[in-house]
Student: 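Dumping the structure here so I can ask a few things about it.
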Amino acid sequence: MTVARILAEKGSSVVTVSPDKTLEEVIQILAEKRIGALVVAHADGSVAGIISERDIMRALARHGGATFDAPVSDHMTADVTTCGKSTTIEEVMGLMTEGRFRHVPVCENGRLAGLISIGDVVARRIATVEAEHQALRDYITTA
């Protein structure tokens with residue numbers, strides 16, 4: 001299964017924020033949307049970075065309450081690992097495991113095309129394993 005299929009099932013809309021928004025604004029959006037990360041995007045749709053709950057906690061630990069007024073660009077992860085729509089679930093799982101992150105922006109032609117989370121990957125992987133398990137049971141039953 002590829003990222004394109006996951007996006008076809010879940011949709012490709014992504015909550016984004018501009019680099020000049022404050023961390024306080026980012027925290028409000030994360031809480032309101034009940035999500036763990038926001039893609040930081042330029043006006044042209046290109047990815048500038050990603051800001052996660054972990055990034056915010058690190059900023060607060062380093063700088064305290066003054067961090068709330070800082071622009072997201074000061075604390076986001078700027079070196080973002082992305083994938084394309086043709087990337088497989090196994091490849092995305094490898095990227096997430098190796099990089100120790102839970103969200104991967106999907107880019108096509110330099111523009112944001114979606115976002116894949118660890119939850120998306122795990123749900124699809126479980127569905128695949130269950131389908132394989134059922135196929136084996138059916139095979140054994142009819143053999």
Side-chain angles (χ1 to χ4, degrees), residues 1-140:
M1 181 180 291
T2 64
V3 168
R5 181 149 176 214
I6 294 174
L7 291 178
E9 291 174 9
K10 78 170 231 170
S12 59
S13 67
V14 181
V15 181
T16 63
V17 64
S18 62
D20 62 332
K21 293 292 184 186
T22 66
L23 278 189
E24 183 173 8
E25 291 171 302
V26 167
I27 292 167
Q28 291 299 321
I29 295 168
L30 290 172
E32 177 185 308
K33 302 288 185 182
R34 301 184 67 186
I35 55 178
L38 291 170
V39 175
V40 183
H42 296 293
D44 66 358
S46 63
V47 175
I50 193 164
I51 186 83
S52 70
E53 295 163 325
R54 289 178 182 177
D55 294 320
I56 293 167
M57 293 305 293
R58 287 183 192 114
L60 287 169
R62 282 192 305 261
H63 305 290
T67 303
F68 291 118
D69 295 327
V72 69
S73 59
D74 286 355
H75 301 290
M76 69 184 185
T77 300
D79 186 19
V80 181
T81 299
T82 63
C83 68
K85 288 183 178 180
S86 62
T87 306
T88 67
I89 287 182
E90 290 78 14
E91 291 169 326
V92 171
M93 285 184 346
L95 291 172
M96 289 178 171
T97 301
E98 184 178 314
R100 297 180 48 96
F101 45 77
R102 299 177 291 184
H103 300 87
V104 177
V106 181
C107 294
E108 290 290 315
N109 301 317
R111 298 194 193 279
L112 185 63
L115 182 70
I116 299 297
S117 72
I118 190 69
D120 300 325
V121 172
V122 169
R124 277 25 173 237
R125 187 68 184 127
I126 289 171
T128 300
V129 169
E130 287 176 352
E132 290 170 355
H133 187 237
Q134 184 61 47
L136 283 173
R137 269 189 279 167
D138 293 346
Y139 176 75
I140 291 168

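Along the sequence shown, the residues carry numbers beginning at 1.
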Student: Give me the atom names and distance for the closest heavy-atom approach of P19 to A41.
Tutor: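 So the minimum-distance heavy-atom pair works out to CD-O, 3.6 Å.
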
Student: Can you list the residues that meet the ring-ring contact (aromatic ring centres under 6.0 Å, His included) rule with H75, with sequence neighbours excluded?
Tutor: H63

Student: How far does CD1 of I56 sit from CZ of R58, to the nearest 0.5 angstrom?
Tutor: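 Spacing of CD1 (I56) from CZ (R58) equals 11.0 Å.
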
Student: I need the minimum non-hydrogen distance between S18 and V40, along with the two atoms involved.
Tutor: C-CG1, 4.0 Å

Student: Under a 3.5 Å distance rule, please check whether S46 uses its side chain to pair with a backbone N or O of H42 as donor and acceptor.
Tutor: no

Student: To the closest 0.5 Å, what do you measure between CG (L38) and CG (L115)?
Tutor: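 One gets 9.5 Å once the value is rounded to the nearest 0.5 Å.
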
Student: Is the number of heavy atoms from other residues, nucleotides or ligands under 6.0 Å of D20 CG greater than 12?
Tutor: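 For D20, atom CG is crowded (more than 12 foreign heavy atoms under 6.0 Å).
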
Student: Testing R125, R5, K10 one by one against D120 for a salt bridge (Lys or Arg N to Asp or Glu O under 4.0 Å), which residue passes?
Tutor: K10

Student: Answer yes or no: is there a side-chain heavy-atom contact under 4.5 Å between R111 and N109?
Tutor: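 No; the side chains remain at least 4.5 Å from each other.
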
Student: Under 3.5 Å, sequence neighbours excluded: what are the donor-acceptor pairs made by side chains of residues 101-108?
Tutor:
from, atom 1, to, atom 2, distance (Å)
E108, OE2, K85, N, 2.7

Student: Take atom CD of Q134 as the centre, draw a 6.0 Å sphere, and report whether it contains more than 12 heavy atoms from other residues, nucleotides or ligands.
Tutor: yes

Student: Write out all pairs satisfying salt bridge (Lys or Arg N to Asp or Glu O under 4.0 Å) with one or both partners inside residues 39-51, taking only residues at least two apart or from two chains.
Tutor: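 As it turns out, there is no salt bridge (Lys or Arg N to Asp or Glu O under 4.0 Å) pair with a partner in residues 39-51 once direct neighbours are skipped.
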
Student: Hey, could you give me the CD/CD distance between E132 and E130, rounded to the nearest 0.5 Å?
Tutor: 10.5 Å

Student: Could you give the distance from OG (S117) to CD1 (I6), rounded to the nearest 0.5 Å?
Tutor: 8.5 Å

Student: I want to check something: taking the side chain as every heavy atom from C-beta on, are D74 and L23 in contact at a cut-off of under 4.5 Å?
Tutor: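 Sidechains of L23 and D74: no contact.
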
Student: For R100, look at atom CZ and say whether over 12 heavy atoms of other residues, nucleotides or ligands are found less than 6.0 Å away.
Tutor: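 No, the 6.0 Å shell around CZ holds no more than 12 heavy atoms from other groups.
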
Student: Any sub-3.5 Å donor-acceptor pair from T77's side-chain atoms to V80's backbone N or O?
Tutor: no

Student: Would you call E9 and M1 a side-chain contact if the rule is heavy atoms closer than 4.5 Å?
Tutor: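 Of all side-chain heavy-atom pairs linking M1 with E9, at least one is under 4.5 Å.
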
Student: If you define the side chain from C-beta out and look only at heavy atoms, does anything of V15 sit under 4.5 Å from I35?
Tutor: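 Yes. Closest side-chain heavy atoms under 4.5 Å.
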
Student: Has E25 got a side-chain atom pairing as donor or acceptor with T22's backbone, closer than 3.5 angstrom?
Tutor: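 Here the side-chain-to-backbone pair exists.
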
Student: For D55 and S52, indicate whether the former's side chain and the latter's backbone hold a donor-acceptor pair under 3.5 Å.
Tutor: yes

Student: Could you give the distance from CE (M57) to CZ (R54), rounded to the nearest 0.5 Å?
Tutor: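 Between M57 CE and R54 CZ, I get 12.0 Å after rounding to 0.5 Å.
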
Student: Using only atom types and a distance under 3.5 Å, with no angle test, would you say the side chain of T16 pairs donor to acceptor with the backbone of V39?
Tutor: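 Not a single qualifying donor-acceptor pair exists.
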
Student: I'd like to know if the side chain of E91 reaches the main chain of T88, judged simply by a donor and an acceptor atom lying under 3.5 Å from each other, with no hydrogens or angles considered.
Tutor: yes

Student: Which heavy atom of I116 sits nearest a heavy atom of L7, and at what distance?
Tutor: CD1-CD2, 3.9 Å

Student: Quick one: does T87's side chain get under 4.5 Å of T2's, heavy atoms only?
Tutor: no

Student: When rounded to the nearest 0.5 angstrom, what is the spacing between CD1 in I50 and CG in D79?
Tutor: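 If we round to the nearest 0.5 Å, I50:CD1 and D79:CG are 12.0 Å apart.
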
